[in-house]
Amino acid sequence: MLPKQYSSAETEQNWYAHWMRHGYFRSVPDDREPFTVVIPPPNVTGVLHMGHMLNNTIQDILVRKARMEGKNACWVPGTDHASIATEAKVVAMLREKGIRKADITREEFLEHAFAWKDKYGGIILEQLKTLGASCDWDRTRFTMEPKLSAAVVRVFVDLYKKGKLYRAHRMVNWDVEAKTVLSNEEVVYHEEQAQLFHVLYRLEGSETEGIVIATQRPETIFADVAVAVNPSDERYAHLVGKRVRIPLIDRPVPVIADDYVDQAFGTGALKITPAHDQNDYAIGQRFGLEVIDVLNEDGTLNEHAVLPELIGKDRFVARKMMKGLLDASGTLVKLEDYRTNIGRSERTNTVVEPRLSLQWFVDMNTLAKQALDAVEGGEVKFYPDHYRNMYRHWMSNIRDWCVSRQLWWGQRIPAWYYGEHVFVEETAEVALESARKATGNPALQISDLRQEEDVVDTWFSSWLWPISVFDGFENEKEVAYYYPTSVLVTGWDIIFFWVARMIMAGYEWRGERPFEHVYFTGMVRDQYRRKMSKSLGNSPDSMELLHKYGADGVRFGLLSSSPAGGDLVFDAPFDKATKQIINESALCEQGRNFCNKLWNALRLVKGWTVSEDLPVPAANLYAVRWFEESLERRIAEQHELFAEYRLSEALKSLYTFIWDDFCSWYLEMVKPDYEQPIDAATYAATLRFFERSMQLLHPFMPFVTEEIWHRLRERREGDDCIVSRYPAAADFDKAFLYQGDIAKDLVAKVREARNNHQLKPRDPLMLVAKDSPSARSFFAIEGLRETIQKLAFLEKLEISDAEPQGTSFVAGTEKYFLAFEKAVDAEAEKEKLLKELEHARSFVASVQAKLSNEKFVGSAPAAVADNERKKLSDGQARLAILEEMLNKY
RNA sequence: GGGUGGUUAGCUCAGCUGGUUUAGAGCACCUGCCUUACAAGCAGGGGGUCAUAGGUUCGAAUCCUAUACUACCCACCA
């Protein structure tokens, strides 16, 4: 005998190993239709968190369904080298060992980094296996492996030669901790508390007169080259053209007039610091002003700060000191608290400094055009659709992409310098050739050239992912078959970082979309609606969740309340320090319980003995037909829901179907009496139904369904649920199912009556249906009467005009008497009837009003009007019965 | 400043192109059950003027307009 409770632990391990052994996840090109998904590559040194589990569960569902539908399903796994994040981790690890990055060579650093990657890399992929992800592991890729790096280099050179990639001096976002430039997308803005310093710049030759400017970064005054006012500002008109002195150092700067200055903000006067502010730089350009940079690359002040006590101090330390210094010099007029948006580095969370520097940029305008049209024209479809708006807005206001990074962990930019010359080529040898030609000097050696030190942005390799994982830059063999991919599943937070750029790359290098559909998942949030993140420590341990509820339970929990694009509030109270889950997570618990329900349905069915010569009872004839139709309806529904990516709806529908329709209704209908055998035909049908239900559920909960699949019958080698044929949609009998709903309602009414009158659920009672043509035709449905008798524990069910003692009620449009000896509470009965009557009256009235409206009858579709007429006649029938019943009181 | 979602039961959400018995589910709650698959269970029950105000329509939770609240995206802020 099977144990009473389902245990997920070994089951899941065993089946995963079984699937791997049979190579079910492996895909090679053949003549079937491909179904391709590339994983959003997680950071190579990352660990599985809630977002990954949601995202990869969804991909697995889509891939498993496609596989069962006979498509050549290929899900490519892999990891991203995540340059800044990983480099930061390696730097920190080295620091702990007492090694400073500055003291070792690039080669030594990379050695350490690869050692780190080999140690921690791929943990997350192993964790995905626990979740049940059916990736083709033989295809596992890494964005920094040789082939993928070669693709990056090739693409870089290609863009450069097409004139779409250039090197320029620009104001960029500088991360002083990672000591690298960041793209605009890598800077996150949040409102923070800051102070506005009102500082007096004295007029040259005067100790009292001057201009007060407002700044939140007083340490940058040493880089000032002017003070600007609005040309129409009368307060300062007399000063324009004169010179004022920078406090503390007395360096004179001109007062200039420019429209950019807002008279209403602060004091109406603006200090101009071209090296440390985007707008100041622009003004500086207009006026031909000098650029003075007061910051070192690590955020400390350099010698331009002049004062010895400030030089070498961090910008925030210096800012604090400036308060005292300015105050002492009598130039600090006012300190004002205010809130402002501060930009921080997405990776290091340090405050980003605008900085002027020489970097490599991709010209986005030409790339964006086609990528925008693709989404606007529906060639690439977004689910949900409204992310198109976000995408359109970004794409039409796109700025050039800064792709160079001052890091070592990444693909080194393939540019070689020789004096003023730059040669962008795939290899040093080719660069040397170009250099010899360009300089006319055949004696040049590679050692004369100096390769660019910078690497490219991580996303410069990820945007090629759908092509590069199939070696699409080297040969056509695989890419021609698998590309474009079918669907991309990712979070909406990387729509600009990644999705948009992949679309650009797709058109640029393959001339077509990289994927047909994009399914955006929501963010997983905690009970306070905060995004779950490592820095907040508000995420439960994924592996513990998987262990506690089983992968099937967790998959159910994550998915059951996660519509596309909608955020998921995942409420699992846990201990922050240990990440141990304290209370049950309602969602996963429900999933685990569902597994147990399936398991027990299996126990029931497998506990039956089958009799070959037993005739099929009438009730079973009805049950089998009813369930057959119900199943067809659900199959059709699954197909529709999948087509619209309404996966959480699809799962909920299966849950209800299996728990209620299959277990609570169907199995109870056919269940033989204690220790009695079941007839062979019904048994065979039951196994078939169970099996098909497992197939429908398999994409969502692969392990428990595979387990049950095998326990239902003896299977040949290779007859596994994962590769079984997904049920195709067929017609079903709506009218018959409607009758079934009425039958269920009747059973529920009998149970309710028993409850209300304190009758035992299994007391054998008699039910009388009032004689009428409609009652006769209802009970003429084969096996219906026997089914109702069985489910409602009725000793007798007759159609007659007898009115036995007991209670009466309405079900459908018929009147019923449930006979019993006990006295009934007449007042309570009457009150209940009055309530029902009231409801029926207002219902009939509203339908009547509708039908007596000529405009409705004239303009509504025939089917709608007919339905209203049916509602009216049914309602009237019920009303009449209720009125008659009330007459008794 | 520009834009996008959301507002339906105590909580989390379905309700897709307006009509399917004057709103559904899960969890929570109440009542009764250790009934022979399952107490990780079974049978029942209560609970919503669909944010507000207008409008379109024969008919609105559903479409339109405005307002409020809420979440988020982009840009900018000396």
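Throughout, protein chains are lettered first and strands after them, A, B, ... in sequence-line order, and every chain is numbered starting at 1. Note that these values count all heavy atoms, side chains included, but never hydrogens, waters or copies made by symmetry.
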Enquirer: Run the salt bridge (Lys or Arg N to Asp or Glu O under 4.0 Å) test against A:Asp825 and tell me which residues pass, sequence neighbours left out.
Expert: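 Applying salt bridge (Lys or Arg N to Asp or Glu O under 4.0 Å) to A:Asp825 gives none.
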Enquirer: Find every protein N or O atom lying less than 3.5 Å from an N or O atom of nucleotides 17-21 of chain B, and list the pairs.
Expert:
{"unit_1": "B:U20", "atom_1": "O4'", "unit_2": "A:Asn867", "atom_2": "ND2", "d": "3.3"}
{"unit_1": "B:U21", "atom_1": "O2", "unit_2": "A:Arg878", "atom_2": "NH2", "d": "3.3"}
{"unit_1": "B:U21", "atom_1": "O4", "unit_2": "A:Tyr738", "atom_2": "OH", "d": "2.1"}
{"unit_1": "B:U21", "atom_1": "O4", "unit_2": "A:Asp874", "atom_2": "OD2", "d": "3.0"}

Enquirer: So what does A:Ile213 hit on the nucleic acid, given a heavy-atom distance under 4.0 Å: a base, only sugar-phosphate, or nothing?
Expert: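 Nothing: the residue A:Ile213, judged by heavy atoms under 4.0 Å, touches no strand.
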Enquirer: Within the pair A:Asn341 and B:C76, is there a side-chain N or O less than 4.0 Å away from OP1 or OP2?
Expert: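 No, outside the criterion.
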Enquirer: Less than 6.0 Å separating the ring centroids of A:Tyr519 and A:Tyr383?
Expert: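 That pair fails the under 6.0 Å test.
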Enquirer: Measure CZ/A:Arg646 against C1'/B:G24 and give the value in whole Å, please.
Expert: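 Nearest whole value for this atom pair: 13 Å.
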Enquirer: Reading 5' to 3' and counting Watson-Crick or G-U wobble pairs with both distances under 3.5 Å, write the dot-bracket notation for RNA chain B, | for bases paired outside the strand.
Expert: (((((((..((((.....[....)))).(((((.......))))).....(((((..]....))))))))))))....
Enquirer: Step by step, would you call A:Ile342 with A:His190 a side-chain contact (heavy atoms from CB on, under 4.5 Å)?
Expert: CA-CA 6 Å; A:Ile342 304 280; A:His190 281 296; over 6 Å; no
Enquirer: Could you tell me how far B:A60 sits from B:C69 if I compare only their C1' atoms? Round to whole Å.
Expert: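 My reading of the C1' atoms in B:C69 and B:A60 gives 23 Å.
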Enquirer: Return a table of donor-acceptor pairs under 3.5 angstrom between the side chains of residues 849-858 of chain A and protein atoms on other chains or two or more places apart.
Expert:
{"unit_1": "A:Ser852", "atom_1": "OG", "unit_2": "A:Gln848", "atom_2": "O", "d": "3.0"}
{"unit_1": "A:Ser852", "atom_1": "OG", "unit_2": "A:Ala849", "atom_2": "O", "d": "3.2"}
{"unit_1": "A:Asn853", "atom_1": "OD1", "unit_2": "A:Lys855", "atom_2": "N", "d": "2.8"}
{"unit_1": "A:Asn853", "atom_1": "OD1", "unit_2": "A:Phe856", "atom_2": "N", "d": "3.4"}

Enquirer: Can you check the distance between B:U8 and B:A51, where both ends of the measurement are the C1' atom (answer in whole Å)?
Expert: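 Straight-line distance between the two C1' atoms is 10 Å.
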Enquirer: Separation of A:Asp493 atom CG from B:U4 atom P, in whole Å?
Expert: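 Going from CG in A:Asp493 over to P in B:U4 covers 21 Å.
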Enquirer: Round to a whole Å and report the spacing from CG of A:Asp745 to C1' of B:G44.
Expert: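 About 13 Å, once rounded to whole Å.
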Enquirer: On RNA chain B, check which nucleotide each of A:Phe594 and A:Trp394 is closest to and give me the residue with the more 5' one.
Expert: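 Whichever sits nearer the 5' end wins; that is A:Phe594.
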Enquirer: In this structure, how many angstroms lie between the P atom of B:C76 and the CE atom of A:Met171, rounded?
Expert: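 Whole-Å distance recorded here is 13 Å.
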Enquirer: Protein within reach of the bases, or only the backbone? For nucleotides 26-37 of chain B, mark each nucleotide 5' to 3' as B, S or -, using heavy atoms under 4.0 Å.
Expert: S--------SBB
Enquirer: Mind checking the C1' distance from B:G24 to B:U62? Whole angstroms is fine.
Expert: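 It works out to 15 Å between them.
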Enquirer: By nearest heavy atom, map A:Val847 and A:Asn389 onto RNA chain B; which one lands nearer the 5' end?
Expert: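 The residue whose closest nucleotide sits nearer the 5' end is A:Asn389.
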Enquirer: Distance between the C1' atoms of B:U52 and B:C33, in whole angstroms?
Expert: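 Each nucleotide's C1' atom is 46 Å from the other's.
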Enquirer: A:Ile495 near the nucleic acid: base, sugar-phosphate alone, or nothing, with a heavy-atom cut-off under 4.0 Å?
Expert: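 No contact at all - A:Ile495 keeps every heavy atom at 4.0 Å or more from the nucleic acid.
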Enquirer: Reckon A:Arg751 has a side-chain N or O less than 4.0 Å from the OP1 or OP2 of B:G44?
Expert: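 Indeed, a polar side-chain atom of A:Arg751 lies that close.
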Enquirer: With the side chain counted from C-beta on, respond yes when A:Glu336 and A:Phe197 share a heavy-atom pair under 4.5 Å apart, and no when they do not.
Expert: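 Sidechains of A:Phe197 and A:Glu336: no contact.
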Enquirer: Classify A:Asn397 by what it touches in the nucleic acid, base, sugar-phosphate, or nothing, heavy-atom distance under 4.0 Å.
Expert: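 A:Asn397: no heavy atom of the nucleic acid under 4.0 Å.
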Enquirer: Strictly under 6.0 Å, is that where the ring centroids of A:Tyr391 and A:Phe382 end up?
Expert: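 Yes, ring centres under 6.0 Å apart.
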Enquirer: Does A:Glu649 reach a base, just sugar-phosphate, or nothing at all? Heavy atoms under 4.0 Å.
Expert: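 Sugar-phosphate contact only.
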Enquirer: A:Tyr683: which residues meet the ring-ring contact (aromatic ring centres under 6.0 Å, His included) condition with it, sequence neighbours left out?
Expert: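 Expected list: none.
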Enquirer: Does the structure place the NZ or CZ of A:Arg634 under 6.0 Å from the centre of the six-membered ring of A:Trp659, at an angle of no more than 45° from the ring's axis?
Expert: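 No, A:Arg634 and A:Trp659 do not form such a contact.
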Enquirer: Between B:A40, B:A14, B:C58, which one does the side chain of A:Asn596 approach most closely?
Expert: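 Selected nucleotide: B:A40.
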Enquirer: Between A:Leu647 (CG) and B:A14 (P), how many Å, whole number?
Expert: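 About 14 Å, once rounded to whole Å.
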Enquirer: Scan side-chain atoms only and decide if A:Thr273 and A:Asp224 contain a donor-acceptor pair under the 3.5 Å cut-off.
Expert: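 The answer is yes; a qualifying pair exists.
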Enquirer: Measure CZ/A:Phe809 against P/B:G44 and give the value in whole Å, please.
Expert: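 Going from A:Phe809 (CZ) to B:G44 (P), I get 12 Å.
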